[in-house]
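These numbers were taken from a predicted model, which means no experiment stands behind them. By convention in this document, chain letters (A, B, ...) are assigned in the order of the sequence lines, proteins followed by strands, and residues within each chain are numbered from 1.
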Protein chains: 2
Amino acid sequence: MDQFNETHTAKILKEHGVKPSYQRMKIYNYLMTKKNHPVVDTIYNALVSEIPTLSKTTVYNTLNIFKEKNLIQTVTIEDNELRYDANITKHGHFKCVKCNSVTDFKINIDNLTESDNIKNFDIQTYNINYTGVCDRCQKN
Amino acid sequence: MDQFNETHTAKILKEHGVKPSYQRMKIYNYLMTKKNHPVVDTIYNALVSEIPTLSKTTVYNTLNIFKEKNLIQTVTIEDNELRYDANITKHGHFKCVKCNSVTDFKINIDNLTESDNIKNFDIQTYNINYTGVCDRCQKN
DNA sequence: GTATCTGCAAAACATTTGCAATTCT
DNA sequence: AGAATTGCAAATGTTTTGCAGATAC
């Protein structure tokens with residue numbers, strides 16, 4: 001990790017009340033740069049070569065802290081597959097059933113009309129997930 | 001289960017290529033009549049008093065068969081909490097953070113405008129989940 | 001009587017917890 | 001040194017699998 005990123009990442013973590021340890025910075029940096037909505041195993045396997053002593057417990061603990069402090073959000077598109085996303089803006093997720101990639105997309109839910117039975121409900125969060133075939137896989 | 005339901009449920013299962021055993025009919029009937037988006041444990045606990053020999057394995061196996069045959073769908077609103085829904089029409093789910101109830105709502109995604117990066121993607125399924133406070137809980 | 005279905009027990013996974021060792025300041 | 005963090009090992013919780021006995025046609 002170059003000096004700029006280390007400083008930049010440390011700053012973001014501190015702003016959210018998370019002490020920037022080496023492991024935490026590596027994990028946050030991984031999420032920020034890869035944008036690949038990884039599962040825990042993917043993160044662990046990607047970083048263990050660089051940090052040979054890394055344990056999965058630390059990955060779990062770190063991700064839980066990040067989520068608590070609103071540094072990241074979790075994404076569940078497919079059952080029993082918890083993914084992590086450093087993009088905390090509101091957006092949808094598209095998972096391609098052929099290549100398994102997850103693509104972010106922007107949405108405007110203001111145009112969405114729900115049925116009357118929930119018209120007085122106070123909506124606090126939403127998750128919009130699509131599955132299908134991405135454009136790259138349609139050509140293959 | 002009265003004779004009408006037994007006959008009716010058996011018919012639906014057969015139409016989907018599932019042999020209507022006693023346990024399968026009870027589980028499908030539970031989902032159809034309760035419409036409560038239960039987790040496996042809820043189904044098991046509700047039925048074990050009526051079917052003392054019931055095992056959780058059978059509940060799991062049965063739900064997996066139902067899903068394979070498109071008799072039901074799974075719903076994941078909150079991480080690591082897999083719920084089952086006999087309503088296989090396309091609809092959204094609202095989970096109240098106070099009373100934990102899940103409410104179905106109708107939605108028309110044609111009004112949703114997604115960003116251009118997925119405009120050529122072939123969307124096959126979608127899941128729309130909200131969390132918030134339902135109208136009943138707002139009054140309490 | 002042969003196929004299928006059920007349900008126990010064990011296995012397989014994913015995640016959390018307890019705690020001792022390590023690291024940072 | 002003192003406080004926080006890490007990571008091993010064990011515990012927990014959920015879902016799947018192997019298989020023997022029960023059930024259905």
I need the [atom1]-[atom2] distance between [X] and [N], as an integer number of Å.
| X | N | atom1 | atom2 | answer |
| --- | --- | --- | --- | --- |
| I27(B) | dT6(C) | CD1 | C1' | 11 Å |
| R24(B) | dG7(C) | CZ | C1' | 13 Å |
| K69(B) | dC5(C) | NZ | P | 10 Å |
| K56(A) | dT17(C) | NZ | P | 18 Å |
| N61(B) | dG7(C) | CG | C1' | 9 Å |
| D41(B) | dT14(D) | CG | P | 6 Å |
| M25(B) | dT6(C) | CE | P | 10 Å |
| K26(B) | dG7(C) | NZ | C1' | 18 Å |

If you check the [X] side chain, which of [options] turns out closest?
| X | options | answer |
| --- | --- | --- |
| S55(A) | dT15(D), dT15(C), dG7(D) | dG7(D) |
| Y60(A) | dG7(D), dT6(D), dA14(C) | dA14(C) |
| V40(A) | dT5(D), dC8(D), dT15(C) | dT15(C) |

Practice prompt. Please determine if K119(B) and D135(A) form a salt bridge, counting it only when a charged side-chain N lies under 4.0 Å from a carboxylate O.
Written response: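 A salt bridge is absent here (no side-chain N lies under 4.0 Å from a carboxylate O).
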Discussion item. Taking E81(A) first and then K95(A), would you say they form a salt bridge - that is, a charged N and a carboxylate O separated by under 4.0 Å?
Written reply: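 Yes.
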Item to complete: Using Watson-Crick or G-U wobble geometry with both distances below 3.5 Å, tell me the partner of dT23(D), or none.
Response: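 Pairing partner, where one exists within any strand: none, as none qualifies.
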Worksheet entry | Base partner of dA21(C), which must satisfy Watson-Crick or wobble distances under 3.5 Å |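 Across any shown strand, dA21(C) pairs with dT5(D).
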Worksheet item: Side-chain heavy atoms under 4.5 angstrom apart, residues restricted to Ile, Leu, Val, Met, Phe, Trp, Tyr: same cluster for I128(B) and F121(A)?
Response: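 As far as the 4.5 Å side-chain criterion goes, F121(A) and I128(B) are connected within one cluster.
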For [X], answer base if it contacts any base atom (sugar-phosphate contacts may also be present), sugar-phosphate if it contacts only those atoms, and nothing otherwise; contact means non-hydrogen atoms under 4.0 Å.
| X | value |
| --- | --- |
| S21(A) | sugar-phosphate |
| N64(B) | sugar-phosphate |
| K19(A) | sugar-phosphate |

Practice prompt. Using only heavy-atom distances, determine whether the side chains of N127(B) and Y130(A) contain a donor-acceptor pair under 3.5 Å.
Written response: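 No - no donor-acceptor pair under 3.5 Å links their side chains.
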Practice prompt. Return yes if a side-chain donor-acceptor contact under 3.5 Å exists between H16(A) and N70(A), otherwise no.
Written response: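 Judged by distance alone, the side chains do not pair up.
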Practice prompt. Could you tell me whether the phosphate oxygens of dG7(C), OP1 or OP2, come under 4.0 Å of any side-chain nitrogen or oxygen in Q23(B)?
Written response: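 So the side-chain polar atoms of Q23(B) do come within 4.0 Å of the phosphate oxygens OP1 or OP2 of dG7(C), strictly under.
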Worksheet entry | Short side-chain N/O contact to dG7(D) OP1/OP2 from T58(A), under 4.0 Å |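 The answer is yes; a side-chain N or O of T58(A) sits under 4.0 Å from OP1 or OP2.
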Practice prompt. Could you say whether T57(B) or L82(A) is positioned toward the 5' end of DNA chain C, judged by the nucleotide with the nearest heavy atom to each?
Written response: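 The residue whose closest nucleotide sits nearer the 5' end is T57(B).
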